[in-house]
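Source: prediction; values computed, not measured.
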Amino acid sequence: MLIDDRDLNSGRDAARPNSASRSRAKQSAASAAPAAVIPPAVVASPALPAEPGELATMHRDVTSWFSGIARDLPWRSADCSAWGILVSEVMLQQTPVVRVLPVWQDWMERWPTPADLASEAPGEAVRHWGRLGYPRRALRLHAAAVAIRDEHNGEVPADFDHLLGLPGVGSYTAAAVAAFAFGQRTTVVDTNIRRVHARLISGLALPSQSLAAAEMRLADSLLPQDQELSVRWNAAVMELGALVCTARAPKCQECPVRPSCAWLAAGEPPPTYTPKGQAWHGTDRQVRGAVMAVLRSASSPVIREAFGTSPADLGFAPDGVAIPLAALHRLNPAPEQLERALDGLLADGLAEEHDGGLRLPA
DNA sequence: CATGCGTGGAG
DNA sequence: TCTCCAAGCAT
């Protein structure tokens with residue numbers, strides 16, 4: 001069920017019958033008994049804590065928990081530049097922290113400022129993106145570096161709208177950079193925060209399939225008024241979703257706001273829809289990925305024939321290209337699919353023609 | 001607004 | 001093995 005205006009403004013009491021006892025539950029113990037089970041249909045309406053004090057309590061509980069458990073990530077370091085934070089946010093789009101860490105370190109040593117990256121060929125950004133996935137992000141990060149150099153005097157803009165204007169920066173990333181790099185009070189909404197709100201406030205197992213406007217308004221209404229606290233709240237709720245309120249098998253025993261969770265109170269109702277998994281085997285994406293692995297490791301243009309024919313001697317250094325070429329040949333895509341993949345990569349600017357072959361954009 | 005876009009670890 | 005999914009964005 002989607003959140004709409006009507007739901008936002010009504011049904012508070014019905015949705016949160018334990019509202020009056022929540023503050024007490026906080027003070028007594030983390031092991032307070034869960035509230036009585038409420039029919040999912042009733043709880044499915046989002047309800048803000050009725051009293052301002054309850055909201056403040058929630059802020060305190062989550063941020064205090066965050067202080068004790070927050071991961072020591074390099075882009076959270078006090079001396080991390082806005083550029084470093086922007087790079088981390090783009091790398092973290094749809095990619096787990098553990099895989100981002102080494103690549104982010106490499107990028108920061110290689111290109112400590114936007115101007116450093118901007119002076120490189122875009123293909124170098126793609127090459128050093130490694131296997132993070134969605135290599136278009138590397139291309140856009142390079143384009144963002146150029147825009148920062150040329151249009152923002154080399155400094156990452158602090159303004160939300162200016163950030164939003166950068167390639168590869170959408171509403172989430174713009175809000176996150178404004179908050180985490182510049183300490184601004186912005187409404188950050190990512191998949192973790194959406195899931196926490198869905199459970200804690202709306203009593204749903206999962207957020208809706210598309211981000212609705214009412215969801216942003218809900219996040220707005222939950223955001224602490226105090227600027228510094230709002231930054232901490234954004235980071236804390238995100239961390240809560242990443243470490244405790246996870247998509248699968250949430251660790252509710254470790255949750256700092258367990259006593260006031262609408263989803264737990266409702267008896268953990270299952271999702272009302274089943275997310276359709278992304279197809280992978282046999283898709284163009286799989287072929288594109290295999291082609292990109294070849295281009296990243298190749299130091300000179302690769303002729304089109306090399307992608308589709310047997311892995312005979314094609315004149316490449318065996319150590320560099322043998323493995324990715326082998327992977328592509330193992331896939332053995334139909335000629336038309338291979339062409340479609342190559343043309344798509346060309347259209348996306350991830351590859352370019354040169355000397356009768358394909359290479360990363362120079 | 002639904003779809004396409006990579007990758008590899010966990011359950 | 002196989003399915004799910006991880007700090008989204010652009011079209």
Could you list, one pair per line, each protein nitrogen or oxygen that sits under 3.5 Å from a nitrogen or oxygen of nucleotides 3-5 of chain C, together with the distance?
unit_1, atom_1, unit_2, atom_2, d
C/dC4, O2, A/R248, NH2, 3.3

Say we look at C/dC9 and B/dG8: how far apart would their P atoms be, to the nearest angstrom?
23 Å
Here the salt bridge (Lys or Arg N to Asp or Glu O under 4.0 Å) pairs for residues 75-84 of chain A, sequence neighbours left out, are A/R76-A/E239
The complete set of side chain to side chain donor-acceptor pair (under 3.5 Å) pairs with one or both residues in residues 125-134 of chain A, sequence neighbours excluded, reads A/R110-A/H128, A/E124-A/R127, A/Y134-A/R285
Do any N or O atoms from the side chain of A/S297 and from the backbone of A/V294 form a donor-acceptor pair under 3.5 angstrom?
-> yes
Taking the side chain from A/T57 and the backbone from A/G53, do they hold a donor-acceptor pair closer than 3.5 Å?
yes
### Query
If you look at every strand shown and take non-hydrogen atoms under 4.0 Å, does A/A249 touch a base, only sugar-phosphate, or nothing?
nothing
In whole angstroms, the gap separating P of B/dA2 from OH of A/Y273 amounts to 12 Å
- Can you check whether A/I85 reaches A/V156 side chain to side chain, under 4.5 Å on heavy atoms? no
Under a 4.0 Å heavy-atom cutoff, the residues of residues 121-133 of chain A touching DNA chain B are A/R131, A/L132, A/G133
**Message:** Is it the case that the side chain of A/H329 and the backbone of A/L325 share a donor-acceptor pair, with hydrogens and angles ignored and the cut-off at 3.5 Å?
**Reply:** yes
Item checked: Touch class at under 4.0 angstrom, heavy-atom based, for A/S88 against every strand present -> nothing
### Query
Within the structure shown, what part of the strands sits under 4.0 Å from A/R340 by heavy-atom distance: base, sugar-phosphate, or nothing?
nothing
Of the listed B/dC5, C/dA6, C/dC9, the closest approach to the A/D284 side chain comes from B/dC5
Ordered by number, residues from residues 99-106 of chain A within less than 4.0 Å of DNA chain C (heavy atoms) are A/R99
Side chain to side chain donor-acceptor pair (under 3.5 Å) pairs touching residues 145-159 of chain A, sequence neighbours excluded, are A/D159-A/H162
Residues 337-362 of chain A vs salt bridge (Lys or Arg N to Asp or Glu O under 4.0 Å), sequence neighbours excluded, gives A/R136-A/D348, A/D284-A/R340, A/R288-A/D348, A/R304-A/E339, A/R304-A/D343, A/R304-A/E353, A/E352-A/R359
Considering only heavy atoms from C-beta outward, does the side chain of A/W83 approach that of A/V87 to under 4.5 Å? yes
Donor-acceptor under 3.5 Å (A/S260 side chain, A/V257 main chain): yes
A/R137 CZ to C/dG8 C1', in whole Å, measures 9 Å
Exercise for review: Please check if the side chain of A/W263 supplies one atom and the backbone of A/P269 the other of a donor-acceptor pair under 3.5 Å.
Suggested key: yes
Here the side chain to side chain donor-acceptor pair (under 3.5 Å) pairs for residues 223-235 of chain A, sequence neighbours left out, are A/S67-A/R232
Applied to residues 188-199 of chain A, the salt bridge (Lys or Arg N to Asp or Glu O under 4.0 Å) test, sequence neighbours excluded, yields A/R194-A/E215
Ordered by number, residues from residues 68-81 of chain A within less than 4.0 Å of DNA chain C (heavy atoms) are A/R71, A/L73, A/W75, A/R76
- With a 3.5 Å cut-off and no angle check, do the side chains of A/E89 and A/Y172 form a donor-acceptor pair? yes
Expected list for residues 185-195 of chain A near DNA chain C, using heavy atoms below 4.0 Å, is A/D190, A/T191, A/N192, A/R195
Between OH of A/Y134 and C1' of B/dG4 the distance, given in whole Å, is 8 Å
- Message: So for A/S171 and C/dG8, does any side-chain atom that can act as donor or acceptor lie under 3.5 Å from a complementary atom in the base?
- Response: no
So the ring-ring contact (aromatic ring centres under 6.0 Å, His included) pairs with at least one residue in residues 269-303 of chain A (sequence neighbours excluded) are none
> Are any side-chain N or O atoms of A/R99 and backbone N or O atoms of A/L132, one a donor and one an acceptor, separated by less than 3.5 Å?
Replying inline: no
- prompt: Which part of the nucleic acid, if any, lies within contact of A/V169, taking any heavy atom under 4.0 Å across all strands shown: a base, the sugar-phosphate backbone alone, or nothing?
  reply: sugar-phosphate
Suppose you measure atom P in B/dG11 against the same atom in C/dA7; what distance do you get, rounded to whole Å? 15 Å
